[in-house]
Undergrad: 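My questions all concern the structure below.
To find a chain, count down the sequence lines: A is the first, B the second, and so on, and within it residues start at 1. This is a predicted model, so every value here is computed, not measured.
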There are 2 protein chains.
Amino acid sequence: MESIQSEAALNFCQACAVRNRAICADLDDEEIRILNSIGRRRHLEAGEQLFWEGDEAIVVANVIEGLLKLSTQTSDGKEQILGLAYPSDFMGRPFGNSTPYGVEALTPALVCTFQRADFDRFAREHPKLEHNLLERTLSELDRTRRWMLLLGRMNAEQKLATFLLDMSERLAPKGCAPFEQSADAFELPLSRQQIADVLGLTIETVSRQFTKFRKQGLIDLPSRREAVIQKRERLEELAQ
Amino acid sequence: MESIQSEAALNFCQACAVRNRAICADLDDEEIRILNSIGRRRHLEAGEQLFWEGDEAIVVANVIEGLLKLSTQTSDGKEQILGLAYPSDFMGRPFGNSTPYGVEALTPALVCTFQRADFDRFAREHPKLEHNLLERTLSELDRTRRWMLLLGRMNAEQKLATFLLDMSERLAPKGCAPFEQSADAFELPLSRQQIADVLGLTIETVSRQFTKFRKQGLIDLPSRREAVIQKRERLEELAQ
DNA sequence: CGCAATCTTGAGTGATATCAACAGGAGTGG
DNA sequence: CCACTCCTGTTGATATCACTCAAGATTGCG
């Protein structure tokens, strides 16, 4: 088992779909070999939990495929989704004692996990990786702060318009080939309740806003899990 | 002028109040000397702006003394405060093109600024500093995400209770001497409007909640800019 | 003392939450 | 193929919390 793992090690990372975008980008072969030896791939079903809020921070992970949510809740059980993790995103809390949020797969997902102790040690010895992680963390902080404006100062209409535009942008690059997949039609990887938990609303308010947008011809909803943006400019005006 | 600056260089940082807590902690004398040569101290009056949202990200800075706010606004002018910067905190966007938030001093402040290009170059050459910055950014991201729960899922009462407890905690270590300053009585460095902008509320709602807490005996308000926590446990229950 | 800025309080409104009923699909078993 | 159920989402009725608008009160300052 051990030898199979190490033999396959290089191929694993080399063939990795996010090899050039994740924090392991720009590492040399030797570094990749080490990283590979301490990382483990893991499949998750939709709905499966990768870590729980308040866990001892034992594990960190990279997303290879799929979509996951980071979330927390008030003591009376209201949930707030703190962010979504797309392929190449990093999850978990290095250099810390506990994971301050739970992580759950929204779609079937493939992640690359590391024991935090291993990861921390490797990171401290490899500034290039720490630099990549720093850039990623700074971007994530910017994105999170932008979301604070949404949560604190936008009404339901602005929130949903912003959400739809954000999703269409983030889900589009999937087919980043020459024939780029239309960003206007996409599958919603979140349920209405989860959308509500992202936007700080209730499921009923989200549903009503969807209906309103549909009746105004801004969007179409072929099914519960599909959305089509029909008047992007108008949505952009609403989102501002 | 130039020579005075470089002569005084070492002393500047060595005498710095946040020397051991800011991202420059643990740097050796030579590193400190370089950092000092590229940094400039700057005083800010309360209300003075250090950078504007959307600025080209030309400058980054460390807080030495005072309190500053990071904020952004919707296109219709509603403000959201994204965070407060206390002594030893880092502000600005290294490795990026524009500062995604404005920074304004809430009290008279002393900051240590760097041209971003200088800072970026120094950081990339000094992993220790990048590591410090990474740890700080990770903590800030955790804190920001916790605030998302407040903005998205708490009511006005929970928000203000959380705010008061947070302030009392963050302002307390000022007198971190043996005779620690009481955390229960503190000066509010924010106006009612600014508190509203932190909490995603209106000034009237904040004012009403203050009055309610005062009438319930949870807090005292000796003046507009002072608060005294009288029933901390009760506030903690409300904040959850 | 008077003015301006900030804060507080009041009254009324409105957006979103809450509670409740219903609708539509997907899966299951007869 | 059709009933049945479960789950998710939609729609309606009502309540409530926070916002808005407006008027005073307090504070600081020249």
Undergrad: Between atom NZ in K212(A) and atom C1' in dA15(C), what is the gap in whole Å?
TA: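 Rounded to the whole Å, the gap is 10 Å.
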
Undergrad: Answer yes or no: is there an ion pair linking E140(A) with R145(B), defined by an N-O contact shorter than 4.0 Å?
TA: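 Yes.
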
Undergrad: Rounded to whole angstroms, how far apart are CE on M154(B) and C1' on dA18(D)?
TA: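 M154(B) atom CE is separated from dA18(D) atom C1' by 17 Å.
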
Undergrad: Using atom NZ of K159(B) as one end and atom P of dA18(D) as the other, report the distance to the nearest whole Å.
TA: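 Roughly 8 Å, once rounded to whole Å.
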
Undergrad: Would you mind reading off the distance between L188(B) atom CG and dC7(C) atom C1', rounded to a whole angstrom?
TA: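 Checked: the CG to C1' distance equals 13 Å.
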
Undergrad: Whole angstrom is fine here: how far is it from CZ in R225(A) over to C1' in dG24(C)?
TA: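 Going from R225(A) (CZ) to dG24(C) (C1'), I get 15 Å.
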
Undergrad: Using a strict 4.0 Å threshold on nitrogen-to-oxygen distance, state whether K69(A) and E104(A) make a salt bridge.
TA: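 Counted as a salt bridge, because a side-chain N and a carboxylate O are separated by less than 4.0 Å.
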
Undergrad: Starting at the 5' end of nucleotides 17-23 of chain C, put B wherever the base has a protein heavy atom under 4.0 Å, S where only the sugar-phosphate does, and a dash everywhere else.
TA: SBB----

Undergrad: Within the structure provided, determine whether F163(B) and L201(B) are in side-chain contact (heavy-atom separation under 4.5 Å).
TA: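 The answer is no, as the side chains (C-beta and beyond) never meet within the 4.5 Å cut-off.
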
Undergrad: State, with a plain yes or no, whether a side-chain heavy atom of F210(A) is found less than 4.5 Å away from one of I219(A).
TA: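 The answer is yes; the side chains approach within 4.5 Å.
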
Undergrad: Are S223(B) and dT27(D) close enough that a side-chain N or O sits under 4.0 Å from OP1 or OP2?
TA: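 Checking S223(B) against dT27(D): no side-chain N or O falls below 4.0 Å of OP1 or OP2.
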
Undergrad: To the nearest Å, how far apart are L160(B) CG and dT8(C) C1'?
TA: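 About 15 Å, once rounded to whole Å.
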
Undergrad: One thing to verify: whether D166(A) and R143(A) come together as a salt bridge, which I'm taking to mean a side-chain N less than 4.0 angstrom from a carboxylate O.
TA: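 Result for this pair is yes, salt bridge flagged.
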
Undergrad: Quick one: which of D184(B), D220(B), L218(B) gives a side chain to side chain contact (heavy atoms under 4.5 Å, CB included) with I229(B)?
TA: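 For I229(B), the side chain to side chain contact (heavy atoms under 4.5 Å, CB included) test succeeds with only one of D184(B), D220(B), L218(B), which is D184(B).
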
Undergrad: Indicate, with a heavy-atom threshold strictly under 4.0 Å, whether S207(B) touches base, sugar-phosphate, or nothing.
TA: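 Base: the residue S207(B), judged by heavy atoms under 4.0 Å, touches a nucleobase.
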
Undergrad: Quick one: R192(A) CZ to dG9(D) C1', roughly how many Å, whole number?
TA: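 Atom CZ in R192(A) sits about 7 Å away from atom C1' in dG9(D).
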
Undergrad: Without decimals, in angstroms, what is the distance between R214(B) CZ and dT8(C) C1'?
TA: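 After rounding, the reported distance stands at 10 Å.
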
